Amino acid sequence: MVSAVNVRSPEARTDFLRVVESLLERFKRLWWECPTTNPDLGNTYEFRRQLENEKRTDQALKVLEDAMLQPREVGWDREGLLRNLVDTFYDYTQEILGLDEGLMKALRAYGFEDALMQFAWMARRFDPAVGMTDIFQAGRNLWSMNFVQLLLGLPVEVTPSSFAYSMLYPYTDNYLDDPHVDESAKRLFNRRFARRLAGEVLEPLNVREERIYTLVGMVEGQYERRYYPQVYDSLLAIYRAQTRSLGLLRGDASPYAVDVLGICLEKGGTSVLADGYLVAGDLTPAQQEKMFAYGALTQLVDDLEDAQSDRQAGLMTVFSQTLGHLRLDEVANRVLHFGAYVVDILATDAPASLEPLMTLFHDAVPLVMIQAAAGQRRYFSHDYALNMQAHYPLRLGAMERRRKQLYRKRKELNSLVDALIT
């Protein structure tokens with residue numbers, strides 16, 4: 001049990017908050033310095049190549065669908081099936097993007113899939129009732145932490161802190177973002193969560209809090225508070241950003257009444273800043289900048305993907321506020337230019353072993369943006385949507401149809417993943 005003696009005073013956290021505020025102002029300036037003109041979106045894909053890639057996509061989906069139907073009797077070849085699915089994924093990615101085989105081998109050598117499978121197994125042991133959707137969401141954060149491990153010259157692995165922080169998302173972030181939960185209940189939860197992050201010993205009020213406090217305890221087991229104070233400062237920083245983000249649930253507010261951009265960048269930036277501290281214990285100023293930059297970019301991409309649903313939920317983002325007033329062309333261009341700057345920041349002084357990953361990351365940023373925009377393409381101008389499609393391996397409409405096809409089989413997919421990690 002954590003002693004309240006280790007609680008850090010608010011005064012001792014002032015310097016760290018100044019670091020966060022400085023980073024926030026730096027990237028807000030960068031956002032406004034980014035042009036709204038069309039950026040270079042990288043490779044183009046001819047119509048015939050897109051049709052070929054759509055056939056390859058169907059073949060890969062067939063492998064997945066066959067796996068969903070495979071009987072899971074005693075002695076079934078779980079490892080063989082998992083190996084086949086992973087091989088199919090890598091082969092498919094290499095083919096549709098036209099990547100070099102050596103690059104793919106280097107990417108596989110990092111060990112991302114092994115870490116993800118270990119994490120999923122640990123998540124199910126931690127909470128047998130946790131759903132596959134939550135594991136997928138938490139797994140995305142784990143991959144972010146694995147990427148951060150590589151950026152910091154550390155091996156890809158699941159540590160107690162990377163597991164705990166990733167699992168906090170299903171229990172905290174989704175609860176705070178749920179428009180159906182009363183705001184007063186969220187604020188009560190937030191106050192208690194902050195006290196626990198600051199080191200207080202609290203009796204959980206419910207199962208959710210019990211899970212959350214256990215996860216915080218895992219971090220404390222790896223990083224003793226008196227020796228790693230900034231680990232906990234970083235957790236309090238993301239808590240502070242999440243608290244501020246509650247102000248975004250005001251769909252009718254004036255853009256001048258709420259700092260929508262600042263809250264977005266702070267929430268994303270502090271999230272990955274915490275990733276960095278939780279995998280390394282401490283960070284240099286240059287590493288802090290990399291973490292914040294990467295987090296800010298991923299938050300912007302997430303907000304683009306969720307623009308329509310955020311608007312319907314009354315959640316303000318730079319994209320949801322634009323819907324219904326202007327086309328998304330210019331704001332998407334700004335994100336793309338922002339992303340190019342972030343790639344340069346991450347590549348600066350990166351270890352030589354990271355060259356394959358940074359090459360893929362450079363090429364992937366426009367693709368990830370286009371994929372996020374695909375579901376919102378009716379909010380772009382016709383010419384802009386056509387230009388995006390020309391730079392994507394599949395036609396956007398075809399990609400959306402296959403995504404919906406896979407979504408309709410989500411129960412079977414969840415059952416397969418559940419069997420693979422059990």
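Since the model is a prediction, treat every value here as computed from it, not as a measurement.
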Heavy-atom donor-acceptor pair, Asp275 side chain to Val148 backbone, under 3.5 Å
no
Tell me whether the rings of Tyr165 and Tyr169 are parallel (<30°), tilted (30 to 60°) or perpendicular (>60°).
perpendicular
Backbone N or O of Ile96 within a donor-acceptor pair of the Arg56 side chain at under 3.5 Å?
no
Answer yes if the ring centres of Phe193 and Tyr213 are under 6.0 angstrom apart, and no otherwise.
no
Using the six-membered ring wherever Trp is involved, compare the ring planes of Phe292 and Phe27 and label them parallel, tilted or perpendicular (cut-offs 30° and 60°).
parallel
How about CZ on Arg208, more than 12 heavy atoms from neighbouring residues, nucleotides or ligands closer than 6.0 Å, or not?
yes
For the ring pair Phe112 and Phe147, is the centre-to-centre distance below 6.0 Å?
no
Give a yes or no on whether the backbone of Gly262 and the side-chain of Lys28 come within a donor-acceptor separation of less than 3.5 Å.
no
Under the 6.0 Å and 45° cation-pi test, does Arg327 pair with Tyr379?
no
Restricting to pairs with a member in residues 38-52, which pass side-chain hydrogen bond (donor to acceptor under 3.5 Å, both in side chains), not counting sequence neighbours?
Asn38-Asn333
Could you verify whether a donor N or O on one side chain and an acceptor N or O on the other, from Thr57 and Tyr92, lie under 3.5 Å apart?
yes
Step by step, would you call Tyr232 with Phe16 a ring-ring contact (aromatic ring centres under 6.0 Å, His included)?
CA-CA 10 Å; Tyr232 301 95; Phe16 189 85; over 10 Å; no
Main chain of Lys267, side chain of Arg240: is a donor-acceptor contact present, judged purely on distance under 3.5 Å?
no
Side-chain donor/acceptor of Arg402 to backbone N/O of Ala398, under 3.5 Å:
yes
Tell me whether Ser166 contacts the main-chain N or O of Gly139 through its side chain, where contact means a donor paired with an acceptor under 3.5 Å.
no
Under a 3.5 Å distance rule, please check whether Arg334 uses its side chain to pair with a backbone N or O of Trp31 as donor and acceptor.
yes
Can you tell whether the side chains of Asp58 and Lys62 come within less than 4.0 Å, N to carboxylate O?
no
Please check if atom CG in Asn206 has more than 12 non-hydrogen atoms from other residues, nucleotides or ligands closer than 6.0 Å.
yes
